[in-house]
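A quick write-up on the structure given underneath.
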Number of protein chains: 2
Amino acid sequence: MTSFSGLVVGRYGEIALKGKNQPRFRRQLRHNLAECLSRAGIEAQVQETGRRLHVRTDDPEAAAQALTRVFGLTSLSPAEPVPTDMAAIEGAALRQLQEDGMRPGDTIRVAARRAFKGFPLTSPEINRAVGEYLVGETGAGVDLSDQADHTVGVEVHEDHALVYARVIPGAGGLPVPMAGRVVVLMSAGLDSPVAAWMMMKRGCAVIPLHFAGDDEGTDRFRAICEVLQEWSQGWRIEPIIVSHREALEDVSRRLVDCQADRWTCLFCKRAMIAEAQAVARQHHAHGIVLGDSLGQVASQTLENIRVISSGAEYPIYRPLIGVDKVEVMALARKIGTYDLSAQSQPACPYLPDRPLTQASFDKFLALQEHLSGLASDET
Amino acid sequence: MTSFSGLVVGRYGEIALKGKNQPRFRRQLRHNLAECLSRAGIEAQVQETGRRLHVRTDDPEAAAQALTRVFGLTSLSPAEPVPTDMAAIEGAALRQLQEDGMRPGDTIRVAARRAFKGFPLTSPEINRAVGEYLVGETGAGVDLSDQADHTVGVEVHEDHALVYARVIPGAGGLPVPMAGRVVVLMSAGLDSPVAAWMMMKRGCAVIPLHFAGDDEGTDRFRAICEVLQEWSQGWRIEPIIVSHREALEDVSRRLVDCQADRWTCLFCKRAMIAEAQAVARQHHAHGIVLGDSLGQVASQTLENIRVISSGAEYPIYRPLIGVDKVEVMALARKIGTYDLSAQSQPACPYLPDRPLTQASFDKFLALQEHLSGLASDET
């Protein structure tokens, strides 16, 4: 035992499958856990034991809460360290069951692991003894399947034992920044921060790119990036802000000139993707991320997305494409961006009267050729 | 009242937001509900009343269960039709509360809507009267917020009233095939059917394209398509099957010839996407759908996805890109494809010893040029 009085057990899921990359994933996860705790001002020590992580700390409650924001952990259990003897283990098991909110009629089971083979009882013997003690004290029913209402975990080591019953869901996913970098087109709205978070969850280092209109939107965007940073141990999020006006004014004017202003939103999004690609090249990113959800607004149609994506050099990721608005809202609440996201954004100054909702791809190709002809005439 | 003895109330969410397209969405939804019930062998009649749908049928339980697979409905309530008088309404309210599994200590509220303005009590008066009756009969507490454990809905029409308490979650999303067509690369594995379902949920008509290896896999693929069909009212799913060997043997041989067989899986996926694009052109689809989840297997990296996607004419949708394996498994169970999906697929005969996991984009470009040079030499 170290000098810390408490401990949190952390479990990882998919990382265990990563074959020869496993050591790298595990090293990054340990690093991210340590960084998370350090940022939260919690003194702690992170160790691997077999296929679990032990976080030793004096404040296991606060540590477990903070660590729910580290991608790569599937679940966490604040544990009670006790001396290696059965009476101490049984007493802790009863306390942990109560901590887990046990109610009359609930079923229990005990899952012991004897890491110290010198302990006189085997794992099944520990299960039986602790189980009988708990049934005697509480009158609980026993359910040996994984359907039991409460599972009491017991780990027996040479100089101490660990007992826990609570299981707090972890963030899941893979450790940032193992997957590599992506550029996210991020507004101050609801969707794009959630899209960024989905990619972070799968291990991406995100580079948010914002097209600034008014100051309020830009402030919201910055605040949203700070919330996302809390989920991005292992990668410092550096927001990039460019002027919407500068990015768009040229193409908007040309579209108005040739009476094709209904196409403005489509060419605007294409201009944004072009800028994102320039950022990707500069920052060694491998893809562009958008917050599109199919059919959520009239412009997010398969037809429009085809026009918007056409000719892109980098893959365009749309992690919310199959997600309903109510699901995006629930995710935004979980992430912590919901209240920061503007519920209604100011009207875009370039928005045409009747934006196209189902753009024809052939007309797009013709218009694009026409516009590039105009552009080369000017030069 | 028609001759049917029972009724299901259906609610829709996002469709209500669709502005001038609303009538088209609602018409498609009504059509899909009717098709679903007809396929399930349930006689019924679908009507719109205000912002709700009424499904009249003799078997509201079976109808409600079947309708949980129609995209566009957010929730369903089997309702009890009674004569338009307070004693009948109160009796039904008590029965519906019991149907909803009311337990001691639960809180209730009543939400009445008086469609027939000739009824002597106003909606607030109905709420109060029915609420007092229920409190008297059950001793339940009242919670007028939407946090009440049970909400009893009452609709008063001229010739009947409807009473319900149960709320069954609907499938959400938008009615198929309102969003248009997409081609889905579909194996017999776990992910791609779930990816197809996510796009269907947002209103897509899916065209599954399968690259056939062994017969067992092809049979599984067909069975999976039949399960997906149950979620695809409004669109007949027609699977397309091509030979994996014919699609791949040429590029595989050339890669082996130039000692670049580590690139086989990447060029295989590119060949599949090329085939999917041919299908998309032929069937007027607007995009290609893949089951990729970032980092789930060693080959699904940002680097590899960039090589695989490069030069595609159609947008490539990856609705599972930010989804964990355990989440995909939970979705597959809900959809009904889990048990049909092969847990381990037979090894691909073209799989190289050490497939690339982080392909260099520059090397890809050079190799592609080299291969196209070889191809033109042969002709």
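Chain naming here is simple, since letters A, B, ... match the order of the sequence lines and numbering starts at 1 in each.
- Formation of a donor-acceptor pair under 3.5 Å by the Lys201(A) side chain with backbone atoms of Val323(B) is not found in this model.
- In this structure, CD in Glu303(B) is found 4.0 Å from NE2 in His286(A), a value given to the nearest 0.5 Å.
- Chain A forms more heavy-atom pairs under 4.5 Å with one residue of Pro315(B), Gly311(B), Pro319(B) than with any other, namely Pro315(B).
- Looking at Asp324(A), its side chain never comes within 3.5 Å of a backbone N or O of Gly172(B) through a donor-acceptor pair.
- Contacts with chain B were tallied for Arg318(A), Glu327(A), Met200(A); Glu327(A) has the most, counting heavy-atom pairs under 4.5 Å.
- Rounding to the nearest 0.5 Å places CZ of Phe361(B) at 8.0 Å from OH of Tyr314(A).
- In this structure, CG in Leu302(A) is found 6.0 Å from CE in Met199(B), a value given to the nearest 0.5 Å.
- A distance of 7.0 Å separates CD of Glu313(B) from CZ of Arg306(A), quoted to the nearest 0.5 Å.
- At least one side-chain heavy atom of Cys204(B) sits less than 4.5 Å from a side-chain heavy atom of Leu294(A).
- The side-chain heavy atoms of Ile321(A) and Arg202(B), taken from C-beta on, include no pair separated by under 4.5 Å.
- For Ile305(A), the parts sitting under 4.5 Å from any heavy atom of chain B are the backbone and the side chain alike.
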